[in-house]
Amino acid sequence: MMVPHVSQGGRYDRLYEQFDQNTSAVGLAFDVDTLAKHMVAEPEPEKICILATPATHAVAEQFRTEIDEQVVDIQYELRNKSVYQKIYQVVEENSQYKVVEK
């Protein structure tokens, strides 16, 4: 199997001589098109909205910290439902707050 050439570089110590300087230098370049062809696309994270109020924002924030590897917005008013795969709401039940899926 042939490995694609994705980078090149080297030492450029003599480059600075044309500017009357004596210093060491190195350079490195990557072929981003070749790198991109060999990258595996990661799946889009799920987008979640938690509907809250100023009084329930802390409850929503606590719930948000329990959700891993997702994009989570806390909103007081749902502006664009189609953006989210899941929508939750902070509700009061028996004098307690809980988060339920809508």
Check whether more than 12 heavy atoms from other residues, nucleotides or ligands sit under 6.0 Å from atom [atom1] of [X], and answer yes or no.
{"X": "Asn22", "atom1": "CG", "answer": "no"}
{"X": "Glu69", "atom1": "CD", "answer": "no"}
{"X": "Gln96", "atom1": "CD", "answer": "no"}
{"X": "Arg14", "atom1": "CZ", "answer": "no"}
{"X": "Tyr76", "atom1": "OH", "answer": "yes"}

Rounded to the nearest 0.5 Å, the NZ atom of Lys86 sits from the CD atom of Glu46 at a distance of 4.5 Å

Between the CZ atom in Arg64 and the CD atom in Gln70, the distance rounded to the nearest 0.5 Å is 12.0 Å

Is it true that [X] and [Y] fall in one hydrophobic cluster, defined by side-chain heavy atoms closer than 4.5 Å?
{"X": "Phe19", "Y": "Tyr12", "result": "no"}
{"X": "Val99", "Y": "Ile48", "result": "yes"}
{"X": "Tyr88", "Y": "Tyr84", "result": "no"}
{"X": "Ile50", "Y": "Val71", "result": "no"}

Checking Gln89, Glu92, Glu93 against Lys98 for side-chain hydrogen bond (donor to acceptor under 3.5 Å, both in side chains), the one that qualifies is Glu93

Smallest separation among heavy atoms of [X] and [Y], with atom names:
{"X": "Cys49", "Y": "Leu78", "result": "SG-CD1, 3.9 Å"}
{"X": "Glu77", "Y": "Leu51", "result": "C-CD2, 4.2 Å"}
{"X": "Gln85", "Y": "Pro45", "result": "OE1-O, 4.4 Å"}
{"X": "Val26", "Y": "Arg11", "result": "CG1-NH1, 3.7 Å"}
{"X": "Leu28", "Y": "Ser7", "result": "CD1-CB, 4.4 Å"}

Counting C-beta onward and ignoring hydrogens, is there a side-chain heavy-atom pair between [X] and [Y] closer than 4.5 Å?
{"X": "Val90", "Y": "Thr53", "answer": "no"}
{"X": "Ile74", "Y": "Phe63", "answer": "no"}
{"X": "Gln62", "Y": "Tyr97", "answer": "no"}

Members sharing Val40's hydrophobic cluster, built from side-chain contacts under 4.5 Å between Ile, Leu, Val, Met, Phe, Trp and Tyr, are none

